[in-house]
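First comes the structure, then the notes that go with it.
All values below come from the heavy atoms of this structure, side chains included, with hydrogens, waters and symmetry mates left out. Order of the sequence lines fixes the chain letters, A, B, ..., with proteins taken first and strands second; residue numbering starts at 1 for each chain.
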Amino acid sequence: MDTKLEPIVKALQEQFGASYEEFRGEVHMFLSSGQIIEALTLLRDKYEFELLSAMTASDYYPQNTPRFHVIYQLSSLAKNITLQLRVPVNGDQPKVPTATRVYETANWREREIFDMFGIEFEGHPDPRRILMPEGTEGHPLRKDFPLGYEEPQFTFNFEEIDLRKPYAKE
Amino acid sequence: MTQIEEVNYEQYKHLVSERAFSGETMLLNMGPQHPSTHGVLRLLLELDGEVIVNAVPDIGFLHTGIEKNMEAKTYLKAEVMSDRLDYMNNLGNNLAYCMAVEKLVDLDVPPRAQALRVILVELQRIASHLVWIGTFGLDLAAMSVFLYAFREREQILDIFELCSGQRMMTTFIRPGGLWRDVPVEFETAVRNFLKIFPKRVDEYEALLTKNPLFLDRLLGIGKLDSATALQHGVTGPMLRASGVKWDLRKARPYMGYEQYDFDIPVRTEGDTYARYLVRVQEFRESMKIIEQALNKLPMGPVRSDNRKFVPPPRSEIGVSMESLIHHFKLWTEGFSAPKGSVYSAVESPRGELGVYLEGDGGPKPHRVHWRTPSFDNLSVVPKLVKGHLVADLVAILASTDIVLGDIDR
Amino acid sequence: MGVEQKLGNMGIVTAKLEDVVNWSRTNAMWPMLFGLACCAIEMMAAQASHYDMSRFGMELMRASPRQSDLMIVAGRLSRKMAPVLRRLYDQMPEPKWVIAMGDCASCGGVFNNYALVQGVDEIVPVDVFVAGCPPRPEALIHGVITLYEKVKGEKFVTPT
């Protein structure tokens, strides 16, 4: 890995007992949801990771513990390095403390993760849905939510689909 | 399905001040269909007379479910959807996705393909900034800039049509290189464009830069300091206009950008005028890059040789059995990617465009997440407009250069 | 010279009322700005100087639905936006026409999923569909001219 990254990885390993993996030149570290806010504050203040580039989540459906991974991609402008932190979260009642006080960009990003995956963020100032309309049931990007596609109309089933489709008449 | 629902303001109680509910200030809806919101963006404004006290953006009116839909298609077929995300920067989106796929499966890209990718992406950057300057002028009632900018854009779209047959959603950049080699008229067309374009940029500057009406409307409006910008994840020309010299083409060069000699325009004031000046200077820098890339263009193949990921050319299929089998497997099942995740970012005209791609051993991606720059650029706008007039809101929104397809995905 | 030749020396022209009304409707049809996504950029390009749409009477695009006759739905319609579209369509005064521009407005396009309405004709009645992703400005102009042919054929009195 990058020489500038090694002391940071070592420090995180010692302080939080975090494991890490390397893949294609990137470093991914695994933390638990109780440690993540402290780790983000440490990285922002002491190691100059000013920019939270991306924050997202990923669903590994059939397994329930953990079912989701919340992923934080951090970027340091001063040292020109990147680091990825992953927080495994369980499937029933997924909760993670909010990172809004550390990075302001997490405000909207966490709303999006709540909207798409259903992971709640404790202490978030504005926990509403952001992309889907109000009153949507379910969380679209979970693996057990159907894609919701419409059956293509070929010649053999054209008539029956045509009758079912709700056309607006006036 | 299409019922008109009653708006309930309870959900905004914590976002607007208490003066709104006592009737002292007015809640105005700048709705999803509006000529100045650059797309379907809804802004809930709390106004004290003409002065804005609070602005609450409401997004999601263009949500297309691209991330979930990409999980249902193979890696190659999912690329078609990437064009339609940030619809001003089609080739840039293709490049971001292809770089992520190439990083995940460890695929090489030949040097001629890298140079051609740079030329096409920089042309796309100029085209995107042309639409920006056109709509910027239009919002501030300088309508002739719109007509001039679209005249230049037609030339660039002609070049794209020459290569790929399509003006906008080309999907020309594929994993492993390009779809096919550019035709012989490409170089002449690009050189003709480079010959006329510098004078046109001077024309736009002559119309706008020292114009007293323009200066009056833009100087000192919407100041963004670098600390707030970094906290909100703002990147791109907005960050560079606030004094931070950060451009992914220089900091983490990709596709051979380290060979080309160009500057990054930076200004320190952070207001709308500074953002305008940064983007106009970016026109000139992009032209420099295209000229150097065109002069140094190496000969060679435009797609990688690795037949496990790149379909073989048609001429080989009739001759070799292996090529036929590779072709068949690639177009029916698709190539498989290893288990693991990558994050790869490029510099789009709006900022850092990143793709988080996760494979699970199969032919379809497990998770594709697009880190789009306009999402974070918009989240800082409520802070910028406090205390300004509604007319200034229009100028500030135009200067952030948001594209709603980017935000809502 | 065309009309003056037929005037004779009394200055009177005779024509069917339908023809005159349809002719005036097609020569100055004002579209409403309803650009949603990528097709909106091609619509703007069609309005700009290279493929000028004001030759066909669409000199300006009105933002307000109360002042426009034609709604060009350009781009993909998501489920959150559908009630807004219907409300805008209801606010337009008669006579009104709708062009569904692009594949996403006609049938859902590339995106066959939970978030998009599969074809705008589930919400509003459409007169002309223009195919393409995005359709070239010339294709949009062809769609507009097809709409004009349709309008010229409209009748007031249905023949019994």
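With a 4.5 angstrom heavy-atom cutoff, C:Met44 touches chain B via backbone and side-chain atoms both. Proximity to chain B (any heavy atom under 4.5 Å) is shown, for C:Phe111, by both the backbone and the side chain. Interface residue B:Glu161: only side-chain heavy atoms are found under 4.5 Å from chain C. With a 4.5 angstrom heavy-atom cutoff, B:Leu138 does not touch chain C via any of its atoms. For a residue to count as touching a neighbouring chain, one of its non-hydrogen atoms must lie under 4.5 Å from one of that chain's; by this rule B:Phe150 touches chain C with the side chain only. Both the backbone and the side chain of C:Val110 come within less than 4.5 Å of a heavy atom in chain B. When heavy atoms are compared at a cutoff of 4.5 Å, C:Ala40 does not approach chain B at all. Only the side chain of C:Leu88 comes within contact range of chain B, with heavy atoms under 4.5 Å apart. Neither the backbone nor the side chain of B:Val403 comes within contact range of chain C; no heavy atom of the residue lies under 4.5 Å from a heavy atom of that chain.
Distance check: C:Cys39 SG to B:Arg84 CZ gives 9.5 Å after rounding to the nearest 0.5 Å. Here the straight-line distance linking atom CG of B:Asp86 with atom SG of C:Cys38 works out to 9.5 Å at 0.5 Å rounding. Here the straight-line distance linking atom CZ of C:Arg76 with atom OH of B:Tyr87 works out to 7.0 Å at 0.5 Å rounding. In this structure, CG on B:Leu62 lies 8.5 Å from CE on C:Met81, to the nearest 0.5 angstrom. We find the CG-CG distance between B:Asn69 and C:Asn112 to be 7.5 Å, quoted to the nearest 0.5 Å. Rounded to the nearest 0.5 angstrom, C:Gln47 CD and B:Leu147 CG are separated by 9.5 Å.
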Please report the C-alpha distance between C:Ile41 and B:Arg153 in whole Å, then the side-chain angles of each, then the deciding distance to 0.1 Å, and finally whether the side-chain contact (heavy atoms from CB on, under 4.5 Å) criterion is met. CA-CA 11 Å; C:Ile41 310 295; B:Arg153 194 178 133 89; 3.6 Å; yes
Using side-chain contact (heavy atoms from CB on, under 4.5 Å), reason through C:Arg79 and B:His63 one step at a time and then give a plain yes or no. CA-CA 8 Å; C:Arg79 296 221 179 256; B:His63 179 62; over 6 Å; no
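Contact between B:Gly65 and C:Ala115 at its shortest, heavy atoms only, is N-CB, 4.0 Å. The two residues C:Ala48 and B:Phe146 have their closest heavy-atom pair at CB-CE2, 4.4 Å. Nearest approach of C:Cys133 to B:Gln166, heavy atoms of both residues: O-NE2, 3.2 Å.
Between the C:Ser78 side chain and the B:Phe61 main chain, a donor and an acceptor come within less than 3.5 Å of each other. No donor-acceptor pair under 3.5 Å is formed between the side chain of C:Asn113 and the backbone N or O of B:Lys68.
A salt bridge links C:Lys80 to B:Asp58: one of the charged nitrogens lies within less than 4.0 Å of a carboxylate oxygen.
Per-residue counts of heavy-atom pairs under 4.5 Å with chain B were compared for C:Gly35, C:Pro137, C:Pro65; the largest is that of C:Pro137.
Between the side chains of B:Arg151 and C:Ser49, not a single donor N or O lies within less than 3.5 Å of an accepting N or O.
Counting non-hydrogen atoms of other residues, nucleotides and ligands closer than 6.0 Å to OH of B:Tyr148 gives a total of 12 or fewer.
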